[in-house]
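Labels below follow one simple rule: chain letters A, B, ... track the order of the sequence lines, proteins then strands, and each chain is numbered from 1. Remember, it's a predicted structure, so these values are computed and weren't measured experimentally.
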Number of protein chains: 2
Amino acid sequence: MPTGKPAVPSVWARQRHKREQPALSQDRIVAEAVRLLDEEGIEALSMRSLGTRLGAGATSLYRHVASKDELIELVVDEVYGEMEVPDGSGAPWRESVTACAGSLRAMILRHPWVASVLGQVGLAELGPNLTRQSERMLALFHRAGFPAGEADRAMSTVIAYVIGMTVSEAAYLSMLARSGQSEQELAEGLRRIAEETVRDLPLLREGYDQRAGEDPSRLRDEGFAYGLERFLDGLQVRLDALGSHR
Amino acid sequence: MPTGKPAVPSVWARQRHKREQPALSQDRIVAEAVRLLDEEGIEALSMRSLGTRLGAGATSLYRHVASKDELIELVVDEVYGEMEVPDGSGAPWRESVTACAGSLRAMILRHPWVASVLGQVGLAELGPNLTRQSERMLALFHRAGFPAGEADRAMSTVIAYVIGMTVSEAAYLSMLARSGQSEQELAEGLRRIAEETVRDLPLLREGYDQRAGEDPSRLRDEGFAYGLERFLDGLQVRLDALGSHR
DNA sequence: TCACCATAGCGCACGGTGTACGCATCGGCG
DNA sequence: CGCCGATGCGTACACCGTGCGCTATGGTGA
């Protein structure tokens, strides 16, 4: 056998293997990965850095996880588990859906790295947590009065809105963090660049002036709520139409 | 100077530099990057591979582009330029916005790699093309009757929906392409996995059964249109309320 | 008690990545 | 003609994901 030098047959081996920690496991790996991502962001996640945090070598992780891509799928499904989907009994459907949307948004803002991997993992292939949440959320729309063939469309629509909106918020916030500037300065800078490169942007400028001086974080919350309300209004219109046809 | 060995002072140098192609330039680099991404996807884009396609060394690109990240921003802004935003004079606002949304969706499906970088580049920091398109699109909402402080919210809302919806479509399609299965088989497989891991998913199953046998591509188009219609209905409700207050 | 074996962790190595740096060469200007 | 800024290139570095074969471990059946 021409490959590999024998590893050191040292007396330390015993100690290395007898760890006080509950040993490596997929759960532990995923949990630590979430922590690493929250603390240092997506570009800090490497098999080596994760292994180090777990007191293990990089390649040891592969006993519990097929690849980095699979790890990311697991990690994303893990945080989907944090979403809270009310069971909707008793409360009006708008309230339940609003709570649910807010919870999804809060989860993404709590774990902004989700934004940068969503395009890769998609939504379909995700694990048990997302599946469970979808089933529960679907129940909200059924209860609201959408027929079977339409409830899933209504649901995807709302999820798409929440994700699209929040991902762009998260990306903006991460740019803000990277830039090291205050939100004020950053917004000013972006506006200046836009006006220099394009020139003559009366409408964008009008919006900017109107927002100047307001609390940006509150503006984001309100913007999110505004769109969601419009959306729910539209769904209500549809529900009314369905009801009157019957 | 202790660094570097002198490069070969060869007679070929002259030929290397006298290229029939119009030399390297940022435009040429960005255009070729788009082509590479369309043909081979995001993971095939490396500075080396792109350099090769341009008949240049990897590091030569850095004379025209600050980093790979900047290249990606440029590339994304480039494809935003493909969007068609009607100027809205004459047509009802719903039609204009629908056309606009459809054009954005078509652009992303034409360049599915956009989905996998949107979380990184966000929407705010983007270049002249996105800025111009935003201004034009904003005009549609002004014309529809939204006041200055609300038109931009309505616009972001619609964009968020379109992007969220289309990114998840694109991710699904890329999974489909990678899997090598037929869409039928893939859907079946996903459903089986979901039911095995979670069990008891009556609502999701109901939706699945209802969709079985339909043309998946048409279903996607319809799903997108359905959500957009609900959205526009909601915006119309808001417009009516604004009108009656006046 | 012993031999055995599946499992888990590790070290090494490979091919690939983004990019800093300094040199070679070019075209255009004085 | 002599120079100089702009442009391309080769080399090198640190880092990445991960395949491979080794070893130590703890449980099982004889």
Side-chain angles (χ1 to χ4, degrees), chain A residues 1-29 32-33 36 40-75 117 120, chain B residues 1-29 32-33 36 40-75 117 120:
Chain A
M1 300 283 168
T3 42
K5 227 169 32 183
V8 46
S10 89
V11 292
W12 306 107
R14 190 138 206 286
Q15 301 194 14
R16 249 192 277 116
H17 279 261
K18 203 176 244 169
R19 43 189 79 272
E20 65 297 346
Q21 309 222 41
L24 234 39
S25 75
Q26 182 167 294
D27 285 353
R28 231 166 68 81
I29 292 176
E32 191 65 41
L36 196 164
E40 312 188 45
I42 183 74
E43 74 282 359
L45 174 67
S46 75
M47 299 309 268
R48 280 174 240 260
S49 62
L50 182 56
T52 303
R53 284 175 76 115
L54 288 160
T59 59
S60 306
L61 308 178
Y62 284 88
R63 293 279 168 195
H64 305 91
V65 148
S67 65
K68 189 182 184 185
D69 281 355
E70 186 190 287
L71 173 63
I72 288 181
E73 284 180 26
L74 291 169
V75 152
V117 298
Q120 301 167 45
Chain B
M1 303 283 167
T3 43
K5 227 167 34 180
V8 47
S10 89
V11 291
W12 306 107
R14 188 134 208 287
Q15 302 192 13
R16 251 192 278 115
H17 279 262
K18 202 176 243 169
R19 45 190 79 273
E20 65 297 346
Q21 309 221 40
L24 234 38
S25 75
Q26 182 166 295
D27 285 352
R28 233 167 66 82
I29 291 175
E32 191 65 41
L36 196 164
E40 312 189 44
I42 184 72
E43 73 282 0
L45 175 65
S46 76
M47 299 308 268
R48 282 175 239 261
S49 63
L50 182 55
T52 303
R53 282 175 77 115
L54 288 159
T59 59
S60 306
L61 308 178
Y62 284 87
R63 294 282 169 195
H64 307 273
V65 149
S67 66
K68 190 182 182 183
D69 281 355
E70 185 189 290
L71 172 63
I72 287 181
E73 284 180 26
L74 292 169
V75 154
V117 299
Q120 303 168 46

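- Taking each heavy atom of A/A33 and A/V75 in turn, the nearest pair found is CB-CG2, 3.7 Å.
- The side chain of B/H64 places an N or O atom within less than 4.0 Å of a non-bridging phosphate oxygen (OP1 or OP2) of D/dG8.
- Residue B/S60 comes nearest to B/L24 through the heavy atom pair CB-CD2, 3.9 Å, listed as atom of the first residue, atom of the second, then distance.
- Listed candidates were D/dA12, D/dC20, D/dC9. Nearest to the side chain of A/T59 is D/dC20.
- Listed nucleotides D/dC9, C/dT19, D/dT18 differ in distance to A/R48; the shortest reach to its side chain belongs to D/dT18.
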**OP:** Please lay out, stage by stage, how A/T59 and A/M47 fare under the test side-chain contact (heavy atoms from CB on, under 4.5 Å).
**Re:** CA-CA 7 Å; A/T59 59; A/M47 299 309 268; over 6 Å; no

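- Between A/D69 atom CG and D/dT18 atom C1' the separation is 12 Å, expressed in whole Å.
- Taking only side-chain nitrogens and oxygens, A/S46 comes nearer than 4.0 Å to OP1 or OP2 of D/dC16.
- In this structure, A/Q26 and A/H64 approach most closely via the heavy-atom pair OE1-O, 2.8 Å.
- Following rounding to the nearest Å, B/L50 (CG) and C/dG16 (C1') show an atom-to-atom distance of 16 Å.
- Between the CG atom of A/L45 and the P atom of D/dG17 there is a distance of 7 Å, rounded to whole Å.
- Per the geometry, CG belonging to A/L24 stands 17 Å off P belonging to D/dT25, to the nearest Å.
- OP1 or OP2 of C/dC10 lies within a sub-4.0 Å distance of a side-chain N or O belonging to A/S60.
- Atom CE of A/M47 and atom C1' of C/dG11 are 16 Å apart (whole Å).
- Between A/G51 and A/L61, the closest heavy-atom pair is N-CD1, 3.9 Å.
- Taking atom CG of B/L71 as the reference point, atom P of C/dT17 lies 15 Å away to the nearest angstrom.
- Computed from coordinates, the A/I72 CD1 to D/dG17 C1' distance equals 11 Å when rounded to whole Å.
- Atom C1' of nucleotide C/dA13 and atom OH of A/Y62 are separated by 14 Å, given to the nearest angstrom.
- Each of A/A44 and A/R63 lies near DNA chain D, and the nucleotide nearest A/A44 is the one positioned closer to the 5' end.
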